[in-house]
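Order of appearance sets the numbers: ligands from 1, and atoms from 1 within every ligand.
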Amino acid sequence: MSGGREWGERGLGEALARVSRRGPRAASTTLPPPRASDWTGKFTGRSPVALRPRTEAQAAAALARCAARRLAVVPQGGNTGLVGGGVPLHDEVVLSTTRMVGVTRVDAAAGVVSARAGTTLAALEAAAAAAGLTIPLDLGARGTCAIGGNVATNAGGARVVRYGTLRSTVLGLDALLADGTRLDLTRPLRKDNTGYDLKQLLIGSEGTLALITGVTLAAPRATVAPALAYLACPTWAAVQDVMGLARARLGEALAAAEFVDAASVALATAHLSHVSNPFPSSAAPYFVLLEAAGVDGDHDAAKMERLVGEAFATGAAVDGVASAAGARPAALWALREGVPVALRHAGACYKYDVSLAVADFEGLVNECQKRATAARGDAVAVGYGHLGDGNLHLNVSHPGPMDARVLAALEPWVYEAVAAARGSVSAEHGIGLAKASLLPLSKPRPAIDLMAAIKVAFDPEWVLNPYKVLPADAARAGAAGGRAGAG
Ligand code: FAD
Ligand code: MLT
Ligand code: ZN
């Protein structure tokens, strides 16, 4: 809630009593943006109230009261999610973790860090770095997104190519069930083979199973300052060759492998004053950003230079810059991380975060451009993303508001094309509101039915983020079954 009213135990009770007396829809305190809207501005809903507890006990009391009144609750962290998962749709109570902050443990010897759910990723990274550790997750929204939100979305980002997804680095979680009961899954053990791993169910559950209140991560030792290379590639085949070289020549030092296409670069440099193009006169269609970071900076820089030389010799790169080991060259990362920000400034943005074989990226972007152009002459398809993970961020941009003709040209075609290629309709951003109806394109029906059954087991009254993740038919069946079972 802008203005920042804090609800303590008593205030919380009063706020909820007011909401339930009037009925959620009649409450007048409809939330203003940003809490009722998302970062892209695409999803805007309504909510009578936002609760911002400071303590886990307050959060538990809030959940218990909401559950008793069958009031739906939307957990919210930094509200940087890109699929509308943290946006209240009709009349849900927003439960924000922005005041539940603080790094609670940094154990350099064990390589373990813990933080409360609302702690920003940047704050956690700073605390880890001070102890010589690093967080195996990094993404452009680091200053605003919260670690609880990161875990709830199983966020990906630029380090997956090295450390894997959060599923492999979350050691423990503290959570509250829908009725406020604590679920303590906090033992920070590397090995714990004791049956179903419930914390894995919470990772990527997008606020539909529990409120995550604390996170414990394995934090590897910080590497030395990275060596970077930014290479201009003449063809998509050349991009794949560079990726092959990166895996072969950098080995375990490979720390990031990202790509942007020429349209992304044009957009970022046009809309962001802090971003510049290293090769302004290059006609190359694709650019690859590689980072190597191991235990010996000179060695990493030498390996990177050899890689760049080989890329030039084979024609995989036609232009390139390689930085010696030193400070993380901010300008190159600003260009890559600036693309989504520029898209937000540029006007309408149709966003597709998909996984598929890297070989298929170019064809999908080109077909997308054709369709977008047929619908509207000034629409531009841009492709960028996490090359090393097979994660394409395909976006279509044009000035002004969203255009129904463009949307109809792109959807459902793009998702069906990804499904036909046996890709995933969501590589890393999650399902949220945006893709709930698309889940059947990436998951078979028995899997969706099991997901609904798991939802009922955690949240029989279906009060936690009720309109997200599951398609409406599975949600309806699950909710009805859950209530019948509970009754
Ligand atoms: P929110 O947006 O507040 O919530 C996201 C979802 O998690 C919602 O469904 C919400 O209900 C749920 N949730 C939030 N907190 C909790 C909690 N404590 N317990 C239970 N459920 C909770 N994502 C990537 O994967 N990779 C990227 O590289 C990347 N880059 C980005 C760059 C920019 C500029 C932006 C704006 C976003 C980017 N994102 C990226 C998307 C976003 O930052 C991530 O999804 C992030 O993990 C969301 O965290 P949050 O705290 O903002 O969550
Ligand atoms: C990124 O990698 O830049 C993010 O996932 C954001 C986006 O896809 O736009
Ligand atoms: Zn991404």
Side-chain angles (χ1 to χ4, degrees), residues 34-35 37-41 43 53 56 59 63 73-88 92 94-98 100 115-121 137-160 165-166 173-178 202-215 256 258-260 264 268 333 335-344 349 351-355 382-387 389 391-395 397 426-434 436 464-469:
R35 293 200 178 283
S37 299
D38 74 323
W39 184 82
T40 64
F43 306 99
E56 285 68 8
L63 286 168
V73 174
V74 177
Q76 204 178 77
N79 200 15
T80 66
L82 296 172
V83 289
V87 175
E92 304 94 302
V94 171
L95 207 167
S96 164
T97 61
T98 44
M100 297 170 65
R116 299 175 73 214
T119 310
T120 63
L121 179 58
L137 166 75
D138 193 26
L139 46 97
R142 63 182 75 75
T144 310
C145 64
I147 191 65
N150 296 147
V151 171
T153 55
N154 185 28
R159 294 185 177 168
V160 171
T165 67
L166 273 174
L173 289 180
D174 214 347
L176 295 168
L177 297 176
L202 300 191
I203 300 169
S205 62
E206 301 181 63
T208 62
L209 299 185
L211 177 77
I212 295 166
T213 55
V215 173
E258 303 279 310
F259 90 99
V260 288
S264 307
W333 277 104
L335 169 57
R336 162 62 186 90
E337 291 181 349
V339 180
V341 183
L343 281 162
R344 189 185 186 223
C349 181
K351 240 176 164 19
Y352 307 106
D353 157 51
V354 297
S355 268
V382 303
Y384 58 96
H386 311 290
L387 181 65
D389 311 332
N391 180 178
L392 169 66
H393 292 316
L394 168 58
N395 290 233
S397 167
S426 177
E428 61 170 6
H429 294 163
I431 294 294
L433 183 60
L464 278 178
N465 223 358
Y467 312 107
K468 314 294 168 53
V469 180

Under 3.5 Å between some N or O of ligand 2 and some N or O of Asn395? no

Non-hydrogen atom of Asn391 closer than 4.0 Å to ligand 2: no

Around the Zn ion (ligand 3), list the protein N/O/S atoms within a radius below 2.8 Å, excluding water molecules. His386 NE2, His393 NE2, Glu428 OE2

Is any side-chain heavy atom of Glu258 closer than 4.5 Å to one of Glu337? no

Would you tell me which option among Ala152, Gly338, Ser205 has the nearest heavy-atom contact to atom 7 (O) of ligand 1? Ala152

Check for a donor-acceptor pair, side chain of Gln76 on one end and backbone N or O of Arg35 on the other, with a separation under 3.5 Å. yes

Backbone N or O of Asn465 within a donor-acceptor pair of the Glu92 side chain at under 3.5 Å? no

If the cut-off is 4.0 Å to any non-hydrogen atom of Asn465, which atoms of ligand 1 fall inside it? 9 (O), 11 (O)

Going from CG on Leu211 to OG1 on Thr97, what distance comes out if it is rounded to the nearest 0.5 angstrom? 7.5 Å

Can you tell me if His386 contacts ligand 1 (heavy atom of the residue under 4.0 Å from the ligand)? yes

Under 4.0 Å, heavy-atom basis, I'd like to know which part of Thr144 is in contact with ligand 1: side chain, backbone, both or neither. neither

What part of Glu337, side chain from CB on, backbone N/CA/C/O, both or neither, has a heavy atom under 4.0 Å from ligand 1? neither

Taking non-hydrogen atoms only, is Glu337 closer than 4.0 angstrom to ligand 2 via side chain, backbone, both or neither? neither

Picking from Asn391, Leu392, Leu394, Val339, what satisfies side chain to side chain contact (heavy atoms under 4.5 Å, CB included) with Tyr384? Val339

